[in-house]
Each structure stands twice: as C-alpha cells, then as structure tokens.
Amino acid sequence: MNQQLLVLGLNILIIAGLIAVYGLATGYNNLVGVAASLGVLGGVFIVYSRIPRDPAVSSLLNYSKMLVEGVTSAIEDLDLLDASLCIVTRGSEILAVYSKIPCPTRVDPGLGFAGGSPYLAIPVNIPVLELLEASTGELESVERALRTIMVEELSMAKEVGVSATGSIYKVYVSGLADALKEYVKYPVDPYSIIVASTLARAAMAKSLKVIEKTPTLDGLSITLGVGEVAG
C-alpha cells in the first residue's frame, strides 16, 4: 500500500465534503460540482494507493489512468485547464503542480492556494525514477537520464533527444508507446510529467516548468524551464 497516496486521497475527500456542505448551505451549485469532482479524485487516489508497486510499465499505465480518470475533471472544475505544469522536488519527493501562477514551490500534496490562486499538487509515484543519479544538468547526462527512464525502463518511447539554451531545455520524444498515445491529448499527460520529473531529478532542480508541448510527426516536443537548482 502507498501511504502517501492514501493520506492524499483521504485529505481530498475531507476537503470535498467541506466544500459540498458550504455549497449546499449557500446555494452555490458550482461548488457542489467541484466537490463532486474532488470526491472522485480522492476516491481514485485511495483505490490506487492499495495497488502494489508493480513493474515499471504496469505502474506507469496505472498512474496514467489515474491521472486521466481523476485529475482531468478536477482541474476542469477548479478552472485549471489552462494552468501550467510545474515539477517541485523536495528531497526524494516529486510533486506535479497545476496552478495559474508561475511555478509555486511552497505547496503540499493535494488542493491548496498559492498567490491567491488554487493549485493541485500530485505526487509523482513512478518507482524507476529512484534509479536516477543526480547530476549538475549537463546536456549529455540529462539526455542519458531521459533515455534510461523513457526508453530502457518504461518503454514509453523509442528515442529521446535534448537541446538546451541556458536554463531552457527542449526534449524531443519520438516513437510513442501505443498504450500511452491516447493520453497525450489530455491536459494531464504522462509524457509531460515523466519528462519534467526526470529532467528535474537529473538536473537537481528544485522547480521546473513545462513551457510548451507540441505534437510532431512522430512524437512530441516539450520545452521546459529549470528554476532554482539545489546546492
């Protein structure tokens, strides 16, 4: 059992209950809708917290389904569909944060507010990321890390390339896995999250923002900006 996802699911259910009670008491039906979506999201996290840590590919598929089924509807009701994805790292913990303000770093797993705007922070629970060794962000080591995770360990792509200008990285992913292609069209997709999480870990970045995701003829091009780097 994954205790982190279990606690996160229970916390989201409690928040959803409070929002629902307030919405019903004040007559704000929109809040009741938000509460319902958050309730589904909390339930999804609780269910997946009870799934054993599977081999890498199976774990990734489960994680992708969880994101699409639970998170997409929640960020829609929270008006976060056009929010940017930011990866925040704290020691061994990696959070995928959706917010309309630029990359908030003082966040906790679940739903919260930063800079007056709501955010949704989701633990990135992909076991193979623990295989990565930290580097100082050199292009060669970043590309090697991405290839190790995405091509060799997760088999989610056939090839990965990287270019960089200062703190801006552009990652080219080709030969997408058939089982994961359907998730690319969603606001929350496994390729953006895995690319950003791997790059953040390899470059020892405390925060990293996905600037742009563009479909190509044979895959994806993802542009990312690295924030503060751990000392």
Side-chain angles (χ1 to χ4, degrees), residues 53 55-57 59-61 63-64 67 83-99 102-105 107 121-177 179-181 183-184 186-231:
R53 288 166 70 96
V57 176
S59 177
L60 179 60
L61 286 171
Y63 191 77
S64 300
L67 291 175
S84 59
L85 167 63
C86 179
I87 296 296
V88 175
T89 65
R90 295 183 300 201
S92 61
E93 183 180 46
I94 303 176
L95 296 175
V97 183
Y98 291 88
S99 173
C103 216
T105 55
V107 296
I122 306 161
V124 178
N125 185 42
I126 306 297
V128 293
L129 290 177
E130 299 169 5
L131 300 174
L132 289 179
E133 296 181 0
S135 71
T136 55
E138 297 94 341
L139 194 60
E140 182 180 348
S141 61
V142 166
E143 187 170 83
R144 184 169 58 250
L146 285 164
R147 188 172 290 114
T148 297
I149 296 299
M150 302 186 70
V151 178
E152 298 173 9
E153 294 293 336
L154 295 178
S155 301
M156 60 189 301
K158 292 182 178 178
E159 188 54 65
V160 179
V162 185
S163 63
T165 303
S167 62
I168 304 298
Y169 289 78
K170 198 161 190 174
V171 179
Y172 308 90
V173 185
S174 60
L176 307 184
L180 296 173
K181 282 182 179 178
Y183 299 119
V184 172
Y186 291 93
V188 183
D189 80 275
Y191 284 95
S192 294
I193 290 178
I194 297 300
V195 166
S197 299
T198 302
L199 178 55
R201 179 67 75 207
M204 296 180 64
K206 292 183 178 180
S207 64
L208 181 150
K209 180 181 178 181
V210 175
I211 299 172
E212 185 179 26
K213 179 181 71 174
T214 306
T216 63
L217 289 176
D218 60 348
L220 286 172
S221 170
I222 303 174
T223 305
L224 313 98
V226 174
E228 184 182 358
V229 176

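No experiment lies behind these values; they were computed from the predicted model shown. What you see below is based on every heavy atom in this structure, not just the backbone, and it leaves out hydrogens, waters and symmetry mates.
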**Q** Heavy atoms, side chains only, cut-off 4.5 Å: are Tyr98 and Leu85 in contact?
**A**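 SC-SC contact between Tyr98 and Leu85 confirmed.
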**Q** To check you understand the geometry: which heavy-atom pair defines the closest contact between Ile87 and Ser197, and what is its length?
**A**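 Smallest interatomic distance, heavy atoms only, reads CD1-OG, 3.6 Å.
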**Q** Could you tell me whether the side chain of Glu159 reaches within less than 4.5 Å of the side chain of Val151, counting heavy atoms only?
**A**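 Val151 vs Glu159: side chains apart.
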**Q** Does a side-chain N-to-carboxylate-O contact under 4.0 Å join Asp218 and Lys158?
**A**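 Salt bridge absent between Asp218 and Lys158.
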**Q** Quick check: do Ile222 and Ser192 have side-chain heavy atoms less than 4.5 Å from each other?
**A**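 Ile222 vs Ser192: side chains touch.
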**Q** Answer yes or no: is there a side-chain heavy-atom contact under 4.5 Å between Asp189 and Lys213?
**A**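 In contact.
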**Q** Within a strict 4.5 Å, meaning less than it, do heavy atoms of the Pro123 and Glu93 side chains meet?
**A**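 Heavy-atom side-chain distance check fails, nothing below 4.5 Å.
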**Q** Would you call Val173 and Met150 a side-chain contact if the rule is heavy atoms closer than 4.5 Å?
**A**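 Counting from C-beta outward, Val173 and Met150 do come under 4.5 Å.
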**Q** Using side-chain heavy atoms (C-beta onward) and a distance below 4.5 Å, is Leu199 in contact with Tyr169?
**A**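 In contact.
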**Q** Is there a side-chain contact between Val184 and Pro215 in this structure, where contact means two heavy atoms from C-beta onward sitting under 4.5 Å apart?
**A**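 No - every pair of side-chain heavy atoms lies 4.5 Å or more apart.
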**Q** So, the side chain of Thr89 versus the backbone of Ala205: is there a donor-acceptor pair under 3.5 Å, distance only?
**A**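 Judged by distance alone, yes, a pair lies under 3.5 Å.
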**Q** Any side-chain to backbone donor/acceptor pair from Glu143 onto Val162? Under 3.5 Å, distance only.
**A**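 Between the backbone of Val162 and the side chain of Glu143 there is a qualifying donor-acceptor contact (under 3.5 Å).
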